[in-house]
Engineer: 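Following this message is one structure expressed as C-alpha cells.
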Amino acid sequence: MKEAVNPFLPSYEYVPDGEPHIFGDRVYLYGSHDKFGGKDYCENDYVCWSASIDNLANWRYEGVIYRKEDDPKQVDRKILFAPDVIKGKDGRFYLYYSLAHSSIISVAVCNEPAGKYSYLGDVSLADGRVYGTKAGDYYQFDPAVFMDDDGEIYLYSGFCPRQEEDELGRKYVGCHVSKIEDDYLTMKSEPVVVINRKDDFYDETRYFEAPSMRKFGDNYYLIYSVRLGGLHYMMSKYPDRDFVYKGRLHSTSDVGINGYTADKPAYPNGNTHGSLIKIKNQYYIFDHRYSNASSYSRQAVAEKIYMADDGSFKQVEATSCGLNDGPLKLKGTIPSYIACNLIDGINYKEKEEKALNSLRISQDGPDREVGEDQYVSHIHNTCVIGYKYFELPAPTATTTFTNSSKSTNMTLNLTIRGEAKGKFNIKLIYKNSAYENENICFELNCKNETWTSFNTDKFPLIEGEIFAIFFRYEGEGEFEFKDFSFKKV
C-alpha cells in the first residue's frame, strides 16, 4: 500500500489554509490555492481534495469548486482567501470565504461537498446591511464556520495586525464570533470578541489570524495562528466565551521544539493556518509549509496529535511521515522534497538576497496540475536537510531491541545535479537513545547539469529501529538534490 508523506498532496499542488472535514466516509480538504512562482497569496481558484477515512495516503483531486469570477463583486485585488465549509440542516454544503481586503464574508452553496459551488450572498445584519462595510465594524477575515450539536451556527473571523483599524475605520480587535440564522447569511447580532488583541502583539502566543473551531466531547477548541510561531489553541466549555489559552499545537518550522525559535527555525518560517480533526480514533493537526523561498507557494501538511486525559493537546513536531501509519519503510526511492527540516547556515541581511539564494524546496517549470518533480534546491555551505522518520523492518517478529540487535549493511544512493565540491555529511539519529548514531562522510565532487547518481560507502543500520536522517553540506559551489534510496549490501 502507498505510504503517506508530507506534503500529503502531489508535490505540484499548493493548497494552504487547510480546513479538513469529514462528510460520509471521506475527509475533504478545503483551503486557499496558491500558485507556484506566484506574486501574491492565493492566486488560483478554490479546489478540493478528498481521501477515504480508511486510506489517508491516497488523496483524490475533486477539481475546481469555486472560481474568483463566481463572486459578483468588482474589486481591484480579486483573490479568494482561506475558506471553510459546513453541511447545512437542509443537506446542502455552505462555503464561507472572503475576497482580499474586502472585510466581507461571502457564502457559496452546493448540493455536494466537492461539487460546483454557486454564490449565495454576503453575511449581513438583520437590517440587510452587509457587515464589514462600515467604519466601526469588526474587520472580517479568515472565516471559520461551526455548527454545534444543537444546530446553532457560529461564524468566527478576525485579523489582528499591529494597527488597530484599517484605512476605512474597520476595527482590528482580535477574534470575534457571531451567531448565524438558518438562512446561512444573516447575523443574529453583531459579533462579540472572544480573543482580545494585546498591546504586546508580537509575543509568540498572541492571536494574529486563521481561527478554526472544533468540538471534541464537551470541550470547544479555538485554533488560531500567531505571526510566526505556528498554530496555537484555546479551550472552553462554550463556543462563544470563556476561552483559556492552552499552548502551541504545531509549527512546520518546529518553533518551540529542541530550541528552535521563530528567528532560528528548523524550516523556513512564515504564516500558518489549519485545524484539528478526529479521523476514526486518531486526532490530526492539518497545517501548511512554505516552498520555493516564498510566502506564495504553500503546501498542505498534517501530523498525528494526541489528546491528554484532560482534553488538552501537546505540540507535535514536524515530520516527513505525517499521516502515515508509523515511520516510512526503507523501500524504493525517497523524494527529497519531503524534508521536514531545512536549515540554511547563512544569516541573510536582505530580504531580496534571501529570496534569491536561500535553501528551499522547488520545482522545474511553471505552476501546473500534473507532473511531480520537486526537489531541494540552492544547497550550499552549512545547509542542513532533515527527514523524520524511517524504519528498516526487522525480518523477525522481535518487538524489543537491545544493543545486540541485528544490523544490516547499507549504502545510500543520492541523485544530485549542480557544481559543488565538498563533504556531504550524513547522520542517522535513532529515536531510541540506547543506540549510537551513525555518521557517514560522503565526498561530493559534482559538475553535472543533469541528474546524476552518487553512492556512499556501506554503513550499518539497526533493524526494527526508528531513525531520522540529516544531510549537511560543507564545501564550495551549489547543487540540487532530487532523491535518495537505501540498498542492502
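Only a predicted model underlies this, so the values are computations on that prediction, with no experimental measurement involved. The figures here come from the full heavy-atom set of this structure, side chains too, leaving out hydrogens, waters and symmetry mates.
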Engineer: With no hydrogens and no angle check, just 3.5 Å: does a side-chain donor-acceptor pair link Glu317 and Tyr389?
Structural biologist: yes
Engineer: Can you confirm whether the side chains of Ser212 and Ser275 place a donor and an acceptor under 3.5 Å from each other?
Structural biologist: yes
Engineer: More than 12 heavy atoms of other residues, nucleotides or ligands under 6.0 Å from CD of Gln163: is that the case?
Structural biologist: yes
Engineer: Less than 4.0 angstrom from a charged side-chain N to a carboxylate O is my criterion; do Asp254 and Lys388 meet it?
Structural biologist: yes
Engineer: Do we see a donor-acceptor contact under 3.5 Å between the side chains of Tyr375 and Asp483?
Structural biologist: no
Engineer: Report yes if some heavy atom in the side chain of Asn6 is under 4.5 Å from a heavy atom in the side chain of Ser320; otherwise report no.
Structural biologist: no
Engineer: Checking Asp17 against Ser32: is there a side-chain donor and acceptor pair closer than 3.5 Å?
Structural biologist: yes
Engineer: Using a strict cut-off of less than 4.0 Å between a Lys/Arg side-chain nitrogen and an Asp/Glu carboxylate oxygen, indicate whether Glu13 and Arg368 qualify as a salt bridge.
Structural biologist: no
Engineer: Is Glu164 paired with Lys171 through a side-chain N to carboxylate O contact shorter than 4.0 Å?
Structural biologist: no
Engineer: Between Lys89 and Asp182 (salt bridge meaning N to carboxylate O under 4.0 Å), is one present in this structure?
Structural biologist: yes
Engineer: Let me see the working for Phe471 and Phe484 under ring-ring contact (aromatic ring centres under 6.0 Å, His included), right down to the final yes or no.
Structural biologist: CA-CA 11 Å; Phe471 300 85; Phe484 60 99; 5.4 Å; yes
Engineer: What distance separates Phe243 CZ from Cys175 SG, expressed to the nearest 0.5 Å?
Structural biologist: 8.0 Å
Engineer: I'd like to know if the side chain of Tyr117 pairs up with that of Tyr46 as donor and acceptor (distance under 3.5 Å, no hydrogens or angles considered).
Structural biologist: no
Engineer: Are any non-hydrogen side-chain atoms of Pro239 and Tyr156 less than 4.5 angstrom apart?
Structural biologist: yes
Engineer: Would Lys482 and Glu480 pass as an ion pair if we require N to O under 4.0 Å?
Structural biologist: no
Engineer: Less than 4.0 angstrom from a charged side-chain N to a carboxylate O is my criterion; do Asp71 and Lys73 meet it?
Structural biologist: yes
Engineer: Name the orientation class of the two ring planes belonging to Phe93 and Phe23 (parallel below 30°, tilted from 30 to 60°, perpendicular beyond 60°).
Structural biologist: perpendicular
Engineer: Hey, what's the ring geometry for His176 with Tyr138, parallel, tilted or perpendicular (30° and 60° as the breaks)?
Structural biologist: tilted
Engineer: Is the shortest side-chain N to carboxylate O distance from Arg298 to Asp34 below 4.0 Å?
Structural biologist: yes
Engineer: Show your reasoning for whether salt bridge (Lys or Arg N to Asp or Glu O under 4.0 Å) applies to Asp45 and Lys35.
Structural biologist: CA-CA 10 Å; Asp45 297 316; Lys35 177 183 290 185; over 6 Å; no
Engineer: Please work out whether the ring planes of Phe313 and Phe216 are parallel, tilted or perpendicular, with thresholds of 30° and 60°.
Structural biologist: perpendicular
Engineer: Under 3.5 Å, is there a donor on one side chain and an acceptor on the other for Lys2 and Asn58?
Structural biologist: no
Engineer: How far apart are the C-alpha atoms of Asp148 and Lys215, what are their side-chain angles, what is the distance that settles it, and do they pass the salt bridge (Lys or Arg N to Asp or Glu O under 4.0 Å) test?
Structural biologist: CA-CA 8 Å; Asp148 208 349; Lys215 183 181 182 182; 3.2 Å; yes
Engineer: Closest approach of Arg170 and Lys134, non-hydrogen atoms and distance?
Structural biologist: CG-O, 3.5 Å
Engineer: Under a 3.5 Å threshold, yes or no: a donor from one side chain and an acceptor from the other, between Asn55 and Ser52?
Structural biologist: no
Engineer: Would you say the side chains of Ser103 and Gln140 form a donor-acceptor pair under 3.5 Å?
Structural biologist: no
Engineer: For residues Arg129 and Ser124, is any side-chain donor paired with an opposing acceptor at under 3.5 Å?
Structural biologist: no
Engineer: State, without any angle test, whether Asp344 and Tyr348 hold a side-chain donor-acceptor pair at a distance under 3.5 Å.
Structural biologist: yes
Engineer: More than 12 heavy atoms of other residues, nucleotides or ligands under 6.0 Å from CG of Asp310: is that the case?
Structural biologist: yes
Engineer: So, do Tyr283 and Tyr306 have ring centers that fall under 6.0 Å from each other?
Structural biologist: no
Engineer: Out of Phe81, Tyr119, Tyr66, which residue meets the ring pair (Phe, Tyr, Trp, His ring centres under 6.0 Å) rule with Tyr97?
Structural biologist: Tyr66
Engineer: Decide salt bridge (Lys or Arg N to Asp or Glu O under 4.0 Å) for Glu204 and Arg206; before the verdict, give the C-alpha distance in whole Å, the side-chain angles of both, and the deciding distance to 0.1 Å.
Structural biologist: CA-CA 6 Å; Glu204 67 174 18; Arg206 306 305 189 203; over 6 Å; no
Engineer: Asp76 and His101: side-chain donor and acceptor closer than 3.5 Å?
Structural biologist: no
Engineer: Any luck finding a side-chain donor-acceptor pair between Glu165 and Tyr139 under 3.5 Å?
Structural biologist: no
Engineer: For the atom pair CD1 (Ile469) and CG (Leu328), what is the distance rounded to the nearest 0.5 Å?
Structural biologist: 12.0 Å
Engineer: Taking everything shown except Lys264 itself, do over 12 heavy atoms lie less than 6.0 Å from its NZ?
Structural biologist: no
Engineer: Determine the minimum heavy-atom distance between Ser106 and Asp122, stating which atoms define it.
Structural biologist: OG-OD1, 2.7 Å
Engineer: Whether the Tyr260 and Asp263 side chains hold a donor-acceptor pair (N or O, under 3.5 Å, no angle test) is what I'd like checked.
Structural biologist: no
Engineer: List the atom of Gln374, the atom of Ser336, and the distance in Å for their closest heavy-atom pair.
Structural biologist: O-OG, 4.5 Å
Engineer: Passes salt bridge (Lys or Arg N to Asp or Glu O under 4.0 Å), Glu112 versus Lys87? Steps please.
Structural biologist: CA-CA 9 Å; Glu112 302 172 0; Lys87 184 177 182 179; over 6 Å; no
Engineer: Taking atom types as modelled, find out whether Thr319 and Lys304 have a side-chain donor-acceptor pair closer than 3.5 angstrom.
Structural biologist: no
Engineer: Relative to the ring of Trp59, is the ring of Phe286 parallel (under 30°), tilted (30 to 60°) or perpendicular (over 60°)?
Structural biologist: perpendicular
Engineer: If we ignore angles and hydrogens, is there a donor and acceptor under 3.5 Å between the side chains of His232 and Tyr224?
Structural biologist: no
